[in-house]
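Data block below; observations after.
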Protein chains: 2
Amino acid sequence: MLFTAAEENYIKSIFHLQEDGSLVSTNAVAANLHTSAASVTDMLKKLKSKKLVSYEKYKGFKLNTEGKKTALIIIRKHRLWESFLVNTLQFGWDEVHEIADQLEHIQSKKLVDKLDEFLGYPKFDPHGDPIPDSNGKMHEQIQTSLAELAIHESGEISALGNPSSALLELLQHKQIQIGTNLIVEKIFSFDQSMEIKMNNELLFTISHELAKNLFIKKR
Amino acid sequence: MLFTAAEENYIKSIFHLQEDGSLVSTNAVAANLHTSAASVTDMLKKLKSKKLVSYEKYKGFKLNTEGKKTALIIIRKHRLWESFLVNTLQFGWDEVHEIADQLEHIQSKKLVDKLDEFLGYPKFDPHGDPIPDSNGKMHEQIQTSLAELAIHESGEISALGNPSSALLELLQHKQIQIGTNLIVEKIFSFDQSMEIKMNNELLFTISHELAKNLFIKKR
DNA sequence: AATAAATTTTAGACAAATCTAAATTTATTC
DNA sequence: GAATAAATTTAGATTTGTCTAAAATTTATT
């Protein structure tokens, strides 16, 4: 099923506003999209007829299963394009949102999947938000970042937050990879840098910035 | 000045139809964009009011200087995105046109310039068409068709005469692409078909029809 | 519980881009 | 050069997405 850019913007907005399973209000969406409440009502009728939301007059609304699936496809595109803009084209993380808001509406599943592959299947975008995979599944942040580990805790590196070329270069040089075992030996309160023992032998100092981008399966 | 996707499509179409400085007809644009003549007339009034075309009722029309400048910006975007899709994301050159037709409408000069830089400032797109630089200047290329080469002459494929999907499919299958080096080994007077050695190893027979559609930079 | 306030929906209008059918202008042919 | 054909424009409608103002409904407050 294909949707217009306007429809997709409403779907995305509703998704972000229905944090848990709660109902969303007309005014909330209107404020979020900088549009009028009347426009939201109009669009809701359309989304209801397309079976993406459950909605009854005056009672609030929320995305149904199909609507959520659609939202995740759009969010996947948005976050992959943001990753591309920051990691590949060297944009600052603060200047990519507007452009990604346009790029997310490009219609081509193959393009998105090839972009994902090119970027190295990143799990998180430059803002640290999780990127849904091609089935709409997100790596829920059950994964702990290394930065959240306490002293003497140990685990195994399971994912990279943001596989930019700069990060990959650093990891390559230090021979850190997915599967590497580590234990936190010390944390300096001054800059929150950590001393980490890798595979029971090598001792590294790791910046807080880097630690936030290394995801760990605890043991 | 910003334009809608619809406006940009008409501007691009008129640009391609006014080869030299000739006037373009309503029907020609309608056919090119698969729309009705009435729609073209409507849009022409709009483009005239925005001072992009010179146009008088029933007399034909053409882009003025500002219109041509705008067209070149759109064409630059289209061809850079095609280069990205083929060179970076490994799309076949026969499957990128539709996607580039969407991407060319993304509004961000900075994005286009950064993409250009990332791609290494390419002068020609995967179909061999010249890419305007950020000032709208194109590297015009004096090209010979393969059919005009004499025996033992050599060169490099630099463009396609008529990149139809049928032609693209043939080239894709034979792994012939822009940049492929070749030398004419033999020409059969019977049907003017040629034996061509590609990249100093592969030997192909090429029909006169195909040779006329392959443009060569001689060496 | 009645009234006031806030929220939401409806009604009617508008701009963009498109269409079909009819009218107009230009081109062609006998 | 008049009749006919082709191309172009106009007139009137339609769809999408938006708006404002008014009406309907829900929620909050005396």
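Residue numbering restarts at 1 for every chain, and letters A, B, ... go by the order of the sequence lines. Source: prediction; values computed, not measured.
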Is a side-chain N or O of E148(A) found less than 3.5 angstrom from the main chain of S145(A), in a donor-acceptor match?
-> yes

Within this structure, what is the CG-to-P distance between L47(A) and dT16(D), rounded to whole angstrom?
-> 13 Å

Taking atom P of dA16(C) as reference, at what distance in whole Å does atom CG of N9(B) sit?
-> 17 Å

Any side-chain N or O of S39(A) under 4.0 Å from OP1/OP2 of dC19(D)?
-> yes

Pick base, sugar-phosphate or nothing for Y55(B), based on heavy-atom distances below 4.0 Å to the nucleic acid.
-> sugar-phosphate

Are any of N27(A)'s side-chain N or O atoms less than 4.0 Å away from OP1 or OP2 of dA6(C)?
-> no

Nearest-nucleotide wise, let me know which of A6(A) and K59(A) is further upstream toward the 5' end of DNA chain D.
-> A6(A)

N or O in side chain of T35(B) less than 4.0 angstrom from dT18(C) OP1/OP2 | no

Would K186(B) count as a cation-pi partner of F188(B), with NZ or CZ less than 6.0 Å from the six-membered ring centre and within 45° of the ring normal?
-> yes

Touch class at under 4.0 angstrom, heavy-atom based, for T26(A) against every strand present = sugar-phosphate

What is the nucleic acid contact for A38(A), judged by heavy atoms within less than 4.0 Å: base, sugar-phosphate only, or nothing?
-> base

Candidates dT8(D), dA24(D), dA16(C) - which lies nearest the side chain of T4(B) = dA16(C)

Compute both the distance and the angle, then confirm whether K114(A) meets the cation-pi test with F91(B): under 6.0 Å from the six-membered ring centre, within 45 degrees of the axis.
-> yes

Write down the distance between CG (L23(B)) and P (dT8(D)), rounded to a whole number of angstrom.
-> 11 Å

Please check if the distance between the ring centroids of F15(A) and Y10(A) is under 6.0 Å.
-> no

Compare side-chain N and O positions of Y10(A) against OP1 and OP2 of dT18(D) and report whether any pair is under 4.0 Å apart.
-> yes

Rounded to whole Å, CG of D42(A) lies from P of dG12(C) at a distance of 14 Å

So which nucleotide from dT25(D), dT18(D), dT10(D) ends up closest to the side chain of Y58(A)?
-> dT25(D)

To the nearest angstrom, the CE-P distance between M43(B) and dC19(C) comes to 11 Å

Using only side-chain N and O atoms of K57(B), determine if any of them is under 4.0 Å from OP1 or OP2 of dT24(C).
-> no

Whole Å only: how far is the CZ atom of F3(B) from the P atom of dA16(C)?
-> 14 Å

When all nucleic acid strands are considered with a 4.0 Å heavy-atom cut-off, which category describes F61(A): base, sugar-phosphate, or nothing?
-> nothing

Between R79(A) (side chain) and P132(A) (backbone), is there a donor-acceptor pair under 3.5 Å?
-> no

Looking at every strand, decide which applies to S36(A) at a 4.0 Å heavy-atom threshold: base, sugar-phosphate, or nothing.
-> base

